[in-house]
Amino acid sequence: TTTKPQKTNNEPETSIMSLVRKAIRGIHHNGTDQRFTAAFRVMQARTASSVGAFETSPQLLQWCGETLVRGVKEEGLGTKDDEVPHGFFSVANPATNRAVAFVRQTGVSDAETAITAAVEAGREWKRLPVKQRRDILQQWATVLLSEQDYLSKLMTTEQGKPLAETAGEVAYGTSFVSWFAEESLRMYGETHPPSTPTQRLMVTREPVGLSVCITPWNFPLAMITRKAAAALAAGCPMVVKPSPDTPLTAIAAAEMAYAAGLPRELMPVLPVDAPTTPEVGKYLATHPSVRKLSFTGSTAVGKLLAEQCASTVKRVSLELGGNAPFIVCKDANLKEAVAGAIACKFRNAGQTCVCANRFFVHRSVIDQFTSELIEAVNNLNVGPGYNTDVTVGPLINSVAVNKVHGLVCSAVADGAEVFCGGNLHSLGGNFYEPTILRTANDDTRISKEEIFGPVVNLSVFDSEEEVIQRANDTRAGLVAYLYSENVGTIYRLAEALEYGMVGINTGIVSTEVAPFGGMKESGLGREGSKHGLDEYTELKYWSLNLPNP
């Protein structure tokens, strides 16, 4: 296993000097002056407020591992694809479209090596006393939190969301590690009343075995910890296949786990570029040694993986796309409803599966709600995520921008009224204007498809029966939002909505202590809470016949 640099002179683990030593160890230069310069640049980056400086310094790759990641020289930013080193792929900052690192490409042979090693390591891991597994996971959580500043800057660099959001994701992602560390102590079995005097019936929960997670780019840390921590707590090894857009956070998080005492073989990371992802994904989904696959991403890819997993009858957990309704009733507190709309629609520039997609507002309050929402949206500040006053960062890439703009243009062509935004942002690149529009019916593309961008799609309703029917008229069923101050209305709507989660007078539903997951085509299984641990265990029933006395 890998350990953090040893402390000297009683300095804390998170001190600048511990980072400096780590940097010096990774710099392959001869001569004291060059090593000192590299170390000094790390100290500069540690105290810099600008990620622009951070992304060109050695600190960017502090926890990324020499064998997987190469840095990009400052003068090489914006490197063309044909200049990427052989065997590597580039990672870009969405705010600038400039390359910030080159990541070593892995493939099927690397996956096979990782699987073989993980299966072997898993045999020892599941036999380890549960309190020791708990302690290692808690130490991982400690390291993650101690490096919150580093991880938040790393995420903003490769994913684009504002620093406040990435810092929040570190806390959120770490909460799953801490939660499942303690939940591992409660992997209880059962006893059942016997049918005969000599019979004894027991049920135990055992690790399902080698697991794989395939994770998205919109939450590059939390989607890994929410899956891997549950698997490790249950006694399972976990192979991590991160998004090609955000592999750096995954690599850094894994290195921190190794530093906390987790054997490297138990949680290998397989960075794969976009063209190679389908091949590697299929290999992992069909490999007979893999017992469980967990995926967060699009519904189309989730269906494909489920089909591939069926060939070996794997356990699967799927957290797929949403089409969340946001219902504002006539008795809603409009101030709270507007705040909730901003929180759940514009977080991560609208690029989350739990973002509200369709806003249903009662006719009696539509004008006031729209007016207050326009004012709030106009106060949003769009820009690079490393600027501290920015509230909405870029979309992940040009494909995402084109999709969002295409949906807006299609809605306008179908008669939608645009109240603000509706265009590519003046900043250019991957930035898009926060937009509010109002559609006349639910048959438009923007009402049927997941927007995944900073666009509010408003419409009017008149009755509970109407809004229930319209809200449920979708194949998705991940989350719904409801604003009302009438207890009867809340119960009637919440019970009728066909969604795995319902946010009532709140725009934020995610927490480590509650089961996250959807109904219908939004997925299978649950993550977080005690139910998240169940996803990585098998029940074994024991029937014991005692000898006659």
Side-chain angles (χ1 to χ4, degrees), residues 155 158-159 161 165 169 172-173 175-177 179-180 211-232 236 238-247 249-250 253-254 267 269-272 274 277-278 280-282 284-285 290 292-309 314-324 344 347-348 350-355 357 396 400 450 452 475-479 499-501 509-512 514-529 531-533 535-536:
M155 268 192 280
E158 68 171 346
Q159 198 275 338
K161 69 177 80 172
E165 291 190 24
E169 182 175 342
Y172 174 59
S175 72
F176 287 101
V177 182
W179 170 265
F180 283 117
S211 301
V212 166
C213 68
I214 300 177
T215 58
W217 48 262
N218 55 347
F219 288 94
L221 177 66
M223 294 302 97
I224 291 173
T225 57
R226 195 160 76 179
K227 302 170 189 296
L232 293 166
C236 305
M238 171 67 90
V239 176
V240 178
K241 209 297 285 180
S243 166
D245 294 305
T246 55
T249 301
M267 195 176 71
V269 178
L270 297 175
V272 181
T277 287
V280 174
K282 182 178 181 179
L284 295 171
V290 176
K292 165 68 186 282
L293 184 142
S294 178
F295 170 75
T296 296
S298 73
T299 301
V301 173
K303 289 179 178 180
L304 176 62
L305 288 170
E307 181 180 345
Q308 293 170 346
C309 286
K314 284 180 177 45
R315 292 271 297 275
V316 294
S317 295
L318 303 173
E319 195 264 282
L320 308 177
N323 191 5
C344 86
R347 180 169 58 120
N348 201 4
Q351 301 173 113
T352 83
C353 56
V354 293
C355 279
N357 214 56
I396 188 66
E450 191 173 24
F452 239 61
R475 289 181 169 182
L478 185 58
V479 62
Y499 292 83
M501 301 174 287
V509 297
S510 300
T511 171
E512 76 279 10
F516 187 104
M519 298 178 179
K520 298 188 283 187
E521 292 190 13
S522 284
L524 301 169
R526 294 296 184 267
E527 295 184 324
S529 80
H531 303 288
L533 196 67
E535 298 289 331
Y536 294 91

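- Here Y536 pairs with nothing under the side-chain hydrogen bond (donor to acceptor under 3.5 Å, both in side chains) rule; sequence neighbours left out.
- Applying the side-chain contact (heavy atoms from CB on, under 4.5 Å) test to C309 and every residue at least two apart in sequence or in another chain returns A285, L293, K314, V316.
- For F176, the ring pair (Phe, Tyr, Trp, His ring centres under 6.0 Å) partners two or more places apart in sequence, or in a different chain, are Y172.
- With hydrogens and angles ignored, the 3.5 Å screen pairs no side-chain donor or acceptor of T511 with any backbone N or O of A514.
- Of all the heavy atoms in C353 and F516, the pair that sits closest is SG-CZ, 4.3 Å.
- Atom CD1 of I214 sits about 10.0 Å away from atom OG1 of T296, to the nearest 0.5 Å.
- In this structure, K303 NZ and Q308 CD are separated by 14.5 Å, a value rounded to the nearest 0.5 Å.
- If you take CD on E512 and OG1 on T225, they are separated by 10.0 Å, rounding to the nearest 0.5 Å.
- Distance check, rounded to the nearest 0.5 Å: SG of C213 to CG of L284 gives 10.0 Å.
- In this structure the side chain of K292 never reaches within 4.5 angstrom of the side chain of C236, judged on heavy atoms.
- A salt bridge links E527 with K227: the distance from a Lys NZ or Arg NE/NH1/NH2 to an Asp or Glu carboxylate oxygen falls below 4.0 Å.
- Under the side-chain contact (heavy atoms from CB on, under 4.5 Å) criterion, T246 pairs with E158, Q159, W217, P220, S243, sequence neighbours left out.
- A distance of 9.5 Å separates OG1 of T299 from CD of E319, quoted to the nearest 0.5 Å.
- A pairwise comparison of heavy atoms in Y499 and M519 identifies O-CE, 3.3 Å as the closest pair.
- E535 and S317 form a side-chain donor-acceptor contact under 3.5 Å, judged by distance and modelled atom types alone.
- Here the closest non-hydrogen pair linking A230 and G532 is CB-O, 3.8 Å.
- Between P244 and T277, the shortest heavy-atom contact is CG-OG1, 3.6 Å.
- Here the straight-line distance linking atom OG of S294 with atom CZ of R226 works out to 8.5 Å at 0.5 Å rounding.
- Counted within 6.0 Å of NZ on K282, heavy atoms from surrounding residues, nucleotides or ligands total 12 or fewer; the atom is thus considered open.
- With hydrogens and angles disregarded, a donor-acceptor distance shorter than 3.5 Å links the side chain of Q351 to the backbone of I396.
- Nearest heavy-atom pair, A222 versus E169, reported as atom, atom and distance to 0.1 Å: N-OE2, 3.0 Å.
- Looking at P247 and V269, their side chains never come closer than 4.5 Å, going by heavy atoms from C-beta outward.
- Counting only heavy atoms from C-beta outward, the side chains of M238 and I224 never approach each other to under 4.5 Å.
- For S522, the side-chain contact (heavy atoms from CB on, under 4.5 Å) partners two or more places apart in sequence, or in a different chain, are A476, L478.
- Every residue two or more places apart in sequence or in another chain was checked for a salt bridge (charged side-chain N to carboxylate O under 4.0 Å, His left out) with E165, and none qualifies.
- Closest of all the heavy-atom pairs between T352 and N218 is CA-ND2, 3.7 Å.
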